[in-house]
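Here is the structure we will look at.
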Amino acid sequence: AAQMLGAASLTKEQLIELAPLLEQAGPLELRDLVRPFQRNGSLETRSAFLVSLEQSRSFLSLPHQVFSDIVKSYQDELRPRANKMLDQLKAKDQQQAQRLDELLPLLKTGNAERGKVVFENQKTKCASCHQVNSKGGKIGPDLSNIGANRQGRDLLESIVLPSASLVRQYEAFSVVTTEGRVLTGLIARETEEAIYVQQQTGDPVMIPRKNIDELVPSTVSIMPNDLDKTLSRQDIADLVAYLKTLRKAR
C-alpha cells in the first residue's frame with residue numbers, strides 16, 4: 001500500500017489526509033510515503049508534511065538527500081523549520097559515515113578462514129539467523145551469494161549499521177500486548193486468530209490477535225546493533241572477508 005501511494009499523484013486534500021500516517025510509518029514505508037509530497041507545492045500541504053514528519057518515529061531513518069529533494073523549494077516561512085530538520089538528518093548520516101570510514105581501512109587485513117569462525121560462533125549468532133549453502137537459520141536473508149552482490153563497504157555497513165539497510169521482506173515489527181508485553185521480531189506467519197513473532201532466537205511466539213494492543217513496524221533491524229562495539233575490529237574485518245567469498249557456483 002505504501003509503494004502504491006508513493007507512486008500515486010495525490011491531490012492536496014489526499015496529501016493532507018495522508019500526512020498524519022507518516023508519524024507511525026516504519027522506515028521502509030516512510031521512504032515511499034514521503035514521495036508524493038515532492039509533487040505538490042501548496043503551503044498547507046508542505047506545512048502538514050513537516051508537522052507530521054517532526055513527530056515521525058522513523059524520521060531519522062530517512063537519508064538526508066531524500067528529505068532535501070522534497071524541501072529544497074519550500075516557501076520562506078517554512079524554510080527555517082525544514083533546514084533544522086535537514087541538519088538533524090545530515091548529522092546522523094555524517095556520524096554513520098564516520099563510523100564506516102574508521103573501519104574501512106581494516107578490511108585489507110581480513111582473513112576469510114577466521115571470518116568463517118566468527119560467523120559460526122555463538123557470540124555473533126550469524127549462523128543462527130542466516131543460511132549459507134542451506135545451512136543455518138532462516139530468520140534473516142540467505143547469504144549464500146552475498147559476495148557476488150555486495151561490495152566490502154556495503155557488507156561492513158550491514159554489520160555495523162543494520163538498521164540503515166533494512167530489507168523489505170525482513171522488516172521487524174514491534175508488538176505490544178494488552179498485558180503490556182513488548183516483542184520485536186519478524187512476522188513469521190499469521191492466521192485470522194493469531195500472529196507468530198520470530199525473535200532473534202528461539203521458536204516463533206504465538207500472540208492471539210485479541211491480545212494485541214499495538215502492532216507497528218520497528219524502527220530498528222532485528223539484527224543486533226553495534227556489533228563493532230561487541231566484536232573486535234579484526235573480527236569484523238575477518239567477517240567481511242568471509243562474506244565476500246560467498247558466491248554460488250554457476
Side-chain angles (χ1 to χ4, degrees), residues 1-8 10 14-38 48-67 70 85 88-89 92-93 96 129-130 137-142 157-227:
Q3 287 178 312
M4 292 176 67
L5 286 169
L10 303 181
Q14 289 171 328
L15 287 170
I16 291 174
E17 186 175 352
L18 175 63
L21 300 182
L22 304 180
E23 297 179 17
Q24 291 300 316
L28 293 174
E29 291 78 20
L30 187 63
R31 293 192 189 190
D32 289 321
L33 293 176
V34 299
R35 288 164 56 198
F37 291 90
Q38 188 172 5
F49 172 71
L50 291 180
V51 168
S52 294
L53 207 56
E54 281 179 324
Q55 303 301 318
S56 172
R57 53 199 295 275
S58 302
F59 172 61
L60 288 178
S61 70
L62 277 179
H64 79 266
Q65 298 94 333
V66 172
F67 183 71
I70 297 174
M85 297 169 69
Q88 288 180 272
L89 294 178
K92 178 264 302 182
D93 286 352
Q96 291 183 343
C129 294
H130 297 281
K138 297 182 179 180
I139 298 174
D142 189 320
E157 180 182 60
S158 66
I159 294 169
V160 176
L161 302 168
S163 298
S165 52
L166 296 174
V167 179
R168 192 172 294 276
Q169 302 97 304
Y170 297 94
E171 183 180 18
F173 284 79
S174 293
V175 185
V176 181
T177 70
T178 53
E179 299 174 345
R181 187 182 181 191
V182 180
L183 298 90
T184 299
L186 307 179
I187 305 299
R189 70 185 184 95
E190 52 186 316
T191 66
E192 291 184 5
E193 293 78 26
I195 64 170
Y196 294 76
V197 180
Q198 175 63 66
Q199 300 181 95
Q200 285 185 12
T201 58
D203 296 325
V205 178
M206 189 274 287
I207 306 175
R209 289 189 184 275
K210 64 181 181 180
N211 294 346
I212 297 176
D213 184 52
E214 186 177 68
L215 173 63
V216 293
S218 176
T219 58
V220 297
S221 170
I222 190 175
M223 182 173 164
N225 285 286
D226 297 329
L227 276 178

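Of all the heavy atoms in Q198 and A188, the pair that sits closest is CB-CB, 4.1 Å. Contact between R57 and S218 at its shortest, heavy atoms only, is NH2-CA, 4.3 Å. When all heavy atoms of A25 and S58 are compared, the pair lying nearest together is O-OG, 2.7 Å. For the pair I16 and P20, the tightest heavy-atom approach, listed with the atom from each and the gap, is O-CD, 3.3 Å. When all heavy atoms of S221 and S163 are compared, the pair lying nearest together is N-OG, 2.9 Å.
To the nearest 0.5 Å, the span separating NZ on K138 from CG on L186 amounts to 14.0 Å. Note: L60 CG to M85 CE = 9.5 Å, rounded to the nearest 0.5 Å. Taking CG from L30 and CG from L21, the interatomic distance works out to 11.0 Å, rounded to the nearest 0.5 Å. Interatomic distance, CD1 of I187 versus CD1 of I195, reported as 4.0 Å (0.5 Å rounding). The CZ atom of F173 sits 11.5 Å away from atom OG1 of T184, with the distance rounded to the nearest 0.5 Å. Rounding to the nearest 0.5 angstrom, the gap separating the CG atom in L5 from the CG atom in D32 is 9.0 Å.
Contact of the P141 side chain with the H130 side chain is registered, since non-hydrogen atoms from C-beta on lie closer than 4.5 Å. The shortest distance between side-chain heavy atoms of T219 and S61 does not fall below 4.5 Å. With contacts defined as side-chain heavy-atom distances shorter than 4.5 Å, the pair F37/L53 does not qualify. Looking at heavy atoms from C-beta onward, E17 lies out of side-chain contact with L10 at the 4.5 angstrom threshold. No side-chain heavy atom of R189 sits less than 4.5 Å from a side-chain heavy atom of P204.
Among residues at least two apart or in separate chains, side chain to side chain donor-acceptor pair (under 3.5 Å) pairs with a member in residues 202-214 are E190-R209.
The side-chain hydrogen bond (donor to acceptor under 3.5 Å, both in side chains) test applied to R181 returns no partner, not counting sequence neighbours. Scored by the side-chain hydrogen bond (donor to acceptor under 3.5 Å, both in side chains) test, Q88 finds no partners at all (sequence neighbours excluded). F67 is linked by a ring pair (Phe, Tyr, Trp, His ring centres under 6.0 Å) to F59, counting only residues two or more places apart in sequence or in another chain. Listed by chain and residue number, R150, S165 satisfy the side-chain contact (heavy atoms from CB on, under 4.5 Å) test with S158 (two or more places apart in sequence, or in another chain). For Q14, the side-chain hydrogen bond (donor to acceptor under 3.5 Å, both in side chains) criterion is met by T11, not counting sequence neighbours.
Put simply, the side chain of R35 never gets that close to the backbone of Q3: no donor and acceptor are under 3.5 Å apart. Put simply, the side chain of K92 never gets that close to the backbone of H64: no donor and acceptor are under 3.5 Å apart. Side chain of S56 to main chain of L22: a donor-acceptor pair is present (N/O by atom type, distance under 3.5 Å, no hydrogens or angles).
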Item to check | Stepwise side chain to side chain contact (heavy atoms under 4.5 Å, CB included) test for V66 and R31 | outcome: CA-CA 8 Å; V66 172; R31 293 192 189 190; 5.8 Å; no
